[in-house]
Amino acid sequence: MKNVIQSILVLVIMSTTAFAQKANDLEKISIKTSAQCEMCKQTIEKAMAYEKGVKTFNLDVATATLTVEYVAKKTSAEKIREAVSKVGYDADDVPADEKAYNNLPDCCKKGGH
C-alpha cells in the first residue's frame, strides 16, 4: 500500500511539473491591425485558429488590437503577423498582402465603415 501511495505521489508531482513547463512556454503578444468591423474579427480569428502553436486569441474591434497567446517553440510573433497579413490586414509593421486586401469586403478595407 505504501508503494502505491508513493507511486501516485510521484505521478502527481511529475504531471504538475509538466503542466508548469507547458505554461512557461507560452508567450503573449498584442498586434495592432487594420481591422474595421466584426467581419474583420471573424476573418482574423479564423486565421488564428489554423495557426500552429496559437493557443488563445481575441481581436478587440474597438482598438483593432489582436491579442495572441502562443507556444514559442511552435511559432513566433513574426509568423503570427505574417498570418494576419496573408488574410488582408496590416499587422504592426507588416503590411497587408495586397491580393488578400483587394479581396476583402468594402467594409473591411481601411476607412470602409
Side-chain angles (χ1 to χ4, degrees):
M1 182 70 173
K2 186 177 179 182
N3 286 340
V4 171
I5 293 173
Q6 286 176 338
S7 296
I8 292 172
L9 184 59
V10 168
L11 287 173
V12 169
I13 290 171
M14 287 174 52
S15 60
T16 303
T17 303
F19 178 75
Q21 184 178 2
K22 285 182 181 179
N24 290 337
D25 290 344
L26 293 178
E27 293 191 20
K28 194 172 191 177
I29 185 172
S30 292
I31 300 171
K32 182 69 175 169
T33 71
S34 56
Q36 303 285 314
C37 64
E38 287 297 320
M39 285 181 67
C40 299
K41 178 179 174 77
Q42 291 175 2
T43 301
I44 292 172
E45 288 184 349
K46 182 177 180 181
M48 291 299 101
Y50 289 102
E51 275 303 299
K52 181 179 179 181
V54 170
K55 293 298 177 187
T56 64
F57 48 84
N58 182 57
L59 177 71
D60 181 346
V61 176
T63 63
T65 301
L66 175 66
T67 304
V68 180
E69 192 172 51
Y70 63 96
V71 178
K73 291 180 180 179
K74 293 186 177 182
T75 192
S76 66
E78 194 55 38
K79 286 180 183 176
I80 294 169
R81 287 185 188 99
E82 285 295 324
V84 173
S85 170
K86 287 179 183 177
V87 293
Y89 299 91
D90 296 341
D92 289 336
D93 59 344
V94 179
D97 176 86
E98 188 175 344
K99 185 176 180 180
Y101 175 79
N102 289 336
N103 287 328
L104 292 175
D106 288 341
C107 63
C108 294
K109 293 182 179 175
K110 298 173 191 172
H113 61 192

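Numbers here are sequence positions counted from 1.
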- Hydrophobic cluster identity match, Val87 and Ile29, side-chain contacts under 4.5 Å: yes
- Let me see the working for Thr56 and Met48 under side-chain contact (heavy atoms from CB on, under 4.5 Å), right down to the final yes or no. CA-CA 8 Å; Thr56 64; Met48 291 299 101; over 6 Å; no
- For the pair Lys41 (side chain) and Leu59 (backbone), establish whether a donor and an acceptor sit closer than 3.5 Å, ignoring hydrogens and angles.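 Side chain of Lys41 to backbone of Leu59, a donor-acceptor pair under 3.5 Å: yes, one is there.
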- Would you say the side-chain atoms of Glu69 pair up with the backbone N or O of Thr67, donor to acceptor, closer than 3.5 Å? no
- Query: Which side chain to side chain donor-acceptor pair (under 3.5 Å) pairs, counting each pair once, include a residue from residues 75-86, with sequence neighbours left out?
  - Reply: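 Qualifying pairs: Arg81-Asp92.
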- Message: If I take atom CG from residue Asn103 and atom OG1 from residue Thr43, how far apart are they, to the nearest 0.5 angstrom?
- Response: 11.5 Å
- Which atom of Met39 lies closest to which atom of Pro105, heavy atoms considered: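 Heavy-atom minimum between the residues: CE-CG, 3.4 Å.
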- Task: Of all the heavy-atom pairs spanning Gly53 and Lys74, show the shortest one and how long it is.
- Result: CA-CB, 3.8 Å
- Could you list the residues that satisfy side-chain hydrogen bond (donor to acceptor under 3.5 Å, both in side chains) with Gln42, not counting sequence neighbours? none
- Got a sec, which residues hit side-chain contact (heavy atoms from CB on, under 4.5 Å) with Ala96, two or more places apart in sequence or on another chain?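 Applying side-chain contact (heavy atoms from CB on, under 4.5 Å) to Ala96 gives Asp90, Tyr101.
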With heavy-atom distances below 4.5 Å as the criterion, would you say the side chains of [X] and [Y] are in contact?
X: Thr65; Y: Thr33; value: no
X: Phe57; Y: Ile44; value: no
X: Val54; Y: Ile80; value: yes
X: Asn58; Y: Glu45; value: yes

- Query: Does the side chain of Asn102 come under 3.5 Å of the side chain of Lys109 through a donor N or O and an acceptor N or O?
  - Reply: no
- More than 12 heavy atoms from other groups under 6.0 Å of NZ on Lys32: yes
